[in-house]
Amino acid sequence: MIFPSETTGGNKRRAIRRVGKNAQLTQTPFGDCISMNPGGRWRHPWWVTPRWLPAQQRWVAFIKPGFVNGNAPVYRTTIKGAKSVEQDFGINPLTGRPFFSDDVFSKPKSQTYDVTIDVPITAAPAIALGFRSIGFDGDGDVPQFFLDRGVQPPVPLNKDGSQNVTDTAPKPGMRLLRACDLVLHQPRLALSSSITLAPGPATGISNVTQTLTLRSVDPADRLKVFATSKFSPLAEIAEGFDPLAGDYEEPTWDEVLIATVFLLSPPNATPGSDPDGTWTPYVRHNLFWNLHYGTPEFRVLDTDPGIPFIPPLAGGAAQIIINFLTASLNDATQQALNILTAHSMSGTFWTPTGAGTSAVFPVDESSEDTTGLEKSRRLQRRRIAAADAMKTSKLDPSYPFRGQPFPVSFLIP
Amino acid sequence: MEQPVKQLRPAVGSRIGINQFGFYVEGNAPAASYPHPFKPALQVGIGAAVKISRGLILSLKNIEPKINGVPISGDTKNAQPALKLDAKNLNTGTLASWVCVEAEPNADGVLDEHSRVEIVHEFSQPLVLTGKFGRAPLAMILWSAAKMPFRAFEIAYFNLRYVHVVPAPGAGPAKHFFL
């Protein structure tokens with residue numbers, strides 16, 4: 001950074017002082033003061049940096065590369081391609097050049113089309129964000145962090161479900177909140193279950209045959225990241241699902257939340273307004289370290305696969321028998337659910353912390369015991385209490401953040 | 001009242017110099033750095049290589065992996081070794097390779113001072129959980145189209161605990177986990 005002197009080469013020039021990179025200029029009555037910014041903070045993997053792009057008038061996010069089994073995910077996006085729509089009129093035999101290729105003819109127009117490309121996150125792609133509304137003009141729970149900054153919770157509904165009109169007026173200084181989730185997507189094999197009911201050897205008895213198969217991954221699917229306004233974790237098996245009533249298919253992927261990007265409006269923003277560059281971004285991370293990923297091995301049932309269980313079905317028999325049969329059917333449903341759960345190919349992400357099967361990071365022994373009369377211990381206890389109190393004022397936990405636990409079921413031979 | 005003379009003054013972390021073009025200010029902005037186990041240091045150019053800072057594979061014994069028979073942080077007779085990065089098997093589609101640690105347990109399924117625990121350069125499979133030995137990625141190396149490495153991404157941030165799972169009879173291959 002150069003500050004021109006007051007005189008250069010004998011000519012009087014006006015001094016223009018500009019601030020360069022990593023520098024701060026402070027004007028004081030005694031002169032201007034320059035200080036250098038300290039080095040940036042170390043950022044953990046999966047660190048998300050939201051940014052407003054004025055030219056595109058939209059918010060995007062950049063992710064510091066994180067890895068799953070050593071592989072970097074990609075970001076799948078669509079870009080505009082262009083191809084000419086030139087027609088082939090043949091070669092002019094007099095000139096030896098294509099017909100209509102002279103400059104006096106207008107050139108063929110190009111046609112644009114969409115191309116889907118995969119950009120590895122090591123190349124720092126800008127991930128387009130789409131937001132959901134939270135709080136006064138939306139729904140969902142507002143984190144305490146934002147309630148402390150002027151966001152109002154959603155307007156409560158009356159007992160009959162109608163809007164409470166007395167509370168619909170925003171308070172002065174109210175701020176709005178938007179959120180967007182960034183998700184890590186990992187393809188995997190998936191379990192499928194089909195049920196067939198067939199007449200059994202005895203009257204009123206049916207054989208229930210459950211067939212388990214594996215579905216392969218869509219070849220076009222890849223380890224990737226994407227943004228969604230609202231991420232819903234995959235439920236293991238839907239509540240109330242009856243495996244005897246129909247077939248069951250797992251999804252061929254696992255997903256985990258990377259982070260949630262929040263945008264906080266300036267005070268007194270109009271409810272329902274779209275976020276722009278005046279809004280303040282905040283990020284709540286869920287992943288902090290690189291991950292390993294594994295899926296369980298698919299094992300064939302030990303029992304006869306043709307007859308895993310034989311619940312009798314009701315066939316118009318006497319009341320006492322129907323009761324018995326109903327209980328058996330419930331057993332069959334539970335058995336089918338158990339088999340689905342036991343053979344699920346749902347995978348697990350874990351953080352290699354060095355602490356074994358626990359996701360807890362190895363701790364400094366000196367900080368473990370905070371009781372007793374020793375002064376250093378009491379001071380340490382006070383520091384821990386202060387750190388706990390600070391947690392409510394932050395969206396992310398302190399270093400060493402948080403790890404994904406290792407599934408101990410993988411250690412069972 | 002007389003106005004004070006305005007001067008340019010250096011403050012925290014800055015220095016001021018002067019030459020024929022005017023004043024200049026310089027400072028040392030410390031880099032954002034996080035020293036941790038298995039941190040890679042890439043040497044680019046001809047004879048590209050990577051050095052790995054000290055890290056341990058935790059098992060029955062805590063083993064420091066080796067490069068060409070020398071512990072990755074060096075020893076009393078050898079300086080810190082560097083792993084040569086050769087592009088002969090580089091996948092020109094991905095232009096990426098990995099620096100990995102391979103651990104081969106003894107008959108008891110643990111690592112001891114005689115076990116093979118070494119740093120290798122891989123081009124396709126950074127993680128191997130089944131087979132005779134286990135492999136875990138420590139760093140990803142990005143290559144230019146001219147087959148020159150230009151960036152190393154750190155993958156492992158902690159010492160790794162090695163666990164060997166011996167399968168039940170007929171239950172598939174042995175497994176190696178890095179936790």
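Each chain gets a letter, A, B and so on, in the order its sequence line appears, and its residues count up from 1.
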**Prompt:** Do B/Y157 and A/F288 have side-chain heavy atoms sitting under 4.5 Å apart?
**Reply:** no
**OP:** For atom CG of A/D221, decide whether the heavy atoms of other residues, nucleotides or ligands shown that lie under 6.0 angstrom number more than 12.
**Re:** yes
In this structure, CZ of A/F67 is separated from CD of B/E154 (nearest 0.5 Å) by 9.0 Å
Under 4.5 Å to a heavy atom of chain A? For B/L138 that would be neither
All heavy atoms of A/W350 vs all of B/F178, minimum pair found to be NE1-O, 3.4 Å
Check: Under 30°, 30 to 60°, or over 60°: which ring-plane class applies to A/W289 and B/Y34, parallel, tilted or perpendicular?
Finding: tilted
| query | If you draw a 6.0 Å radius around NZ in A/K64, do more than 12 non-hydrogen atoms from other residues or ligands fall strictly inside? | reply | yes
Closest non-hydrogen contact found for B/V165 with A/F410 is CG2-O, 4.2 Å
In this structure, CG of A/N71 is separated from CD of B/Q125 (nearest 0.5 Å) by 10.0 Å
Chain A shares the most heavy-atom pairs under 4.5 Å, among B/V163, B/I155, B/V166, B/N159, with B/I155
Heavy-atom nearest pair, A/T122 first then B/M140, reads CG2-SD, 4.3 Å
Check: Can you find a heavy atom in the side chain of A/P352 that is under 4.5 Å from one in the side chain of B/L179?
Finding: no
Nearest heavy-atom approach of B/P137 to A/G70 is CG-CA, 3.6 Å
